Amino acid sequence: MSKLTQRVALVTGGSRGIGAAIAKRLAADGASVAITYAKDASAASGVVKAIERDGGKAIAIQADATNAGAVEAAVEKTVATFGRLDVLVNNAGTAIPKAFEETTLEEMDRVIDINVRGVFVTTQAALKHMKSGGRIIMVGSAVGERVLVPGLVPYSATKGAVKIFTQGLSREVGSRGITVNNVQPGPIDTDLNPAAGEWAAPQKAVTALDRYGRVEEVAALVAFVAGPESSYITGANLTVDGGMNA
Ligand code: NDP
């Protein structure tokens, strides 16, 4: 039996990048997987098809993380489709890299709405259905602990909020047998943070491994935290950053 057989996972922002890799990996480990996306329906359906081609079960749900009603409906649809919810991966997130003093209020609101408010709303909705053995996993960021590069000030602050949210919530739901952990990637090559992009060189330079990470390297850690072998890990910030914060 695979590690996640008969488990149901919801991965927010699962249509591209790190979320897509997490969805595919959890499905490969045996879970039925729901993904949300904001805009890119064809990318989302590509992830569902890839999982189904490999014999897994998946659905895609359009739910913008800034729309609380849509997020709650996505959680309900996951449970209605697959019968339960065991693993929530709060992956949907965004960054708007630029100097802090040039950042507009609208840009700050957007980063806060998706990265913090969206995580709160999704987690609250998911907890209504989670039973003992449940797993809540944030995709925070290594810059939620140390900020070694410029251009990410509001973003880093939101990921710091995600870190302390993880720690606090772990104490509220631990007695129910639910764990809450924060996976903190370093620079990972995605549309959001391309390894060839304008902001890439200083990020690569501060890693010990002198390279960007791959989405699968983050998904591997998330799969471990989602699985049965992580049962005594909670309230933890687990960094997968090529040594960026070493
Ligand atoms: P991408 O931009 O490559 O992918 C983002 C995914 O999230 C897409 O599936 C996108 O859907 C979805 N998404 C974006 N906005 C929303 C929204 N408002 N509501 C719902 N879904 C949304 O990002 P990454 O894969 O790079 O990042 C994923 C997570 O990892 C984020 O939380 C990010 O902060 C974090 N992270 C990334 C790092 C990196 O270097 N890449 C480093 C550290 C953390 P759609 O296709 O519809 O737009």
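This structure is a prediction, so every number in the text was calculated from the model and none was measured.
Atom-to-atom distance recorded for R84:CZ and S32:OG is 10.0 Å, nearest 0.5 angstrom. For the atom pair I178 CD1 and T123 OG1, the distance stands at 11.0 Å (nearest 0.5 Å). With rounding to the nearest 0.5 Å, the separation of CD1 in I96 from CG in L152 is 11.0 Å. Note that the CD atom of E107 and the CD1 atom of I112 stand 12.0 Å from one another [nearest 0.5 Å]. Atom CD of E145 is separated from atom CG of N182 by 8.0 Å, given to the nearest 0.5 angstrom. For the atom pair CG (N90) and CD1 (I137), the distance works out to 9.5 Å, reported to the nearest 0.5 Å.
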Trace of the side chain to side chain contact (heavy atoms under 4.5 Å, CB included) decision for D210 with K204: CA-CA 6 Å; D210 194 32; K204 174 173 170 282; 3.4 Å; yes

Check against side chain to side chain contact (heavy atoms under 4.5 Å, CB included), M108 and F100: CA-CA 9 Å; M108 289 190 253; F100 176 66; 4.1 Å; yes

Derivation of the side chain to side chain contact (heavy atoms under 4.5 Å, CB included) call for L238 and V225: CA-CA 9 Å; L238 306 165; V225 177; 3.6 Å; yes

Pair R16-T190, side chain to side chain contact (heavy atoms under 4.5 Å, CB included): steps then yes or no: CA-CA 8 Å; R16 293 181 290 114; T190 65; over 6 Å; no

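Taking the side chain as every heavy atom from C-beta outward, V139 and I22 approach each other to under 4.5 Å. Residues V11 and V87 are not in side-chain contact: their nearest non-hydrogen atoms beyond the backbone lie 4.5 Å or more apart. In this structure, P97 and E198 have side chains that are not in contact, with every pair of non-hydrogen atoms separated by 4.5 Å or more. Contact check for H129 versus E76: side-chain heavy atoms found under the 4.5 Å cut-off. In this structure, V47 and Y37 have side chains that are not in contact, with every pair of non-hydrogen atoms separated by 4.5 Å or more. Between R171 and V180 the shortest side-chain heavy-atom distance does not fall below 4.5 Å. T179 has its side chain out of reach of I233: every pair of non-hydrogen atoms, C-beta onward, lies at least 4.5 Å apart. Under the 4.5 Å side-chain criterion, counting only non-hydrogen atoms from C-beta, I59 is in contact with F82.
When each of V75, V79, T81 is paired with K77, the side-chain contact (heavy atoms from CB on, under 4.5 Å) condition holds for T81 and for no other. Screening Q184, M244, R146 for a side-chain contact (heavy atoms from CB on, under 4.5 Å) involving T239 leaves a single residue, Q184.
Counted within 6.0 Å of CD on Q124, heavy atoms from surrounding residues, nucleotides or ligands total 12 or fewer; the atom is thus considered open. For R211, the CZ atom is densely surrounded, since the number of other residues' heavy atoms within 6.0 Å is greater than 12. Shown here is K57, whose NZ atom has no more than 12 heavy atoms of other residues, nucleotides or ligands within 6.0 Å.
Between the S156 side chain and the G144 main chain, no donor and acceptor come within less than 3.5 Å of each other. Although no hydrogens or angles enter the test, the distance criterion places a donor-acceptor pair under 3.5 Å between the side chain of D189 and the main chain of A195. Looking at E172, its side chain never comes within 3.5 Å of a backbone N or O of G168 through a donor-acceptor pair. Proximity of a side-chain donor or acceptor of D86 to a complementary backbone N or O of V8 within less than 3.5 Å is detected. One N or O on the side chain of R135 and one on the backbone of G227 form a donor-acceptor pair closer than 3.5 Å. Judged by distance alone, the side chain of T66 and the main-chain N or O of D113 form no donor-acceptor pair under 3.5 Å.
A donor-acceptor pair shorter than 3.5 Å can be found between the side chains of N115 and T158. For the residue pair Q167 and N237, a side-chain donor N or O sits within less than 3.5 Å of a side-chain acceptor on the partner.
Note on F224 and I188: same hydrophobic cluster, where clusters join Ile, Leu, Val, Met, Phe, Trp and Tyr whose side-chain heavy atoms are under 4.5 Å apart, directly or indirectly. Note: the hydrophobic cluster containing I114 does not contain I18 (ILVMFWY, side chain heavy atoms under 4.5 Å, direct or indirect links). When hydrophobic clusters are built by joining Ile, Leu, Val, Met, Phe, Trp and Tyr residues whose side-chain heavy atoms come closer than 4.5 Å, directly or via intermediates, V121 is not grouped with L85. Y212 and V240 are members of different hydrophobic clusters when ILVMFWY side chains are connected at heavy-atom separations under 4.5 Å. Follow the hydrophobic side-chain contacts under 4.5 Å out from V71 and you never reach V162; the two are in separate clusters.
Among all heavy-atom pairs drawn from A58 and V48, the shortest one is O-CG1, 3.5 Å. Taking every heavy atom of both residues into account, A31 and A9 meet most closely at CB-CB, 4.5 Å. Nearest approach of F165 to V119, heavy atoms of both residues: CE2-CG1, 3.7 Å. Scanning both residues, V183 and P185, for their nearest heavy atoms gives O-CD, 3.2 Å. Taking each heavy atom of T207 and P187 in turn, the nearest pair found is CG2-CG, 3.7 Å. In plain terms, the two heavy atoms of V222 and V89 that are nearest each other are CG1-CG2, 4.1 Å.
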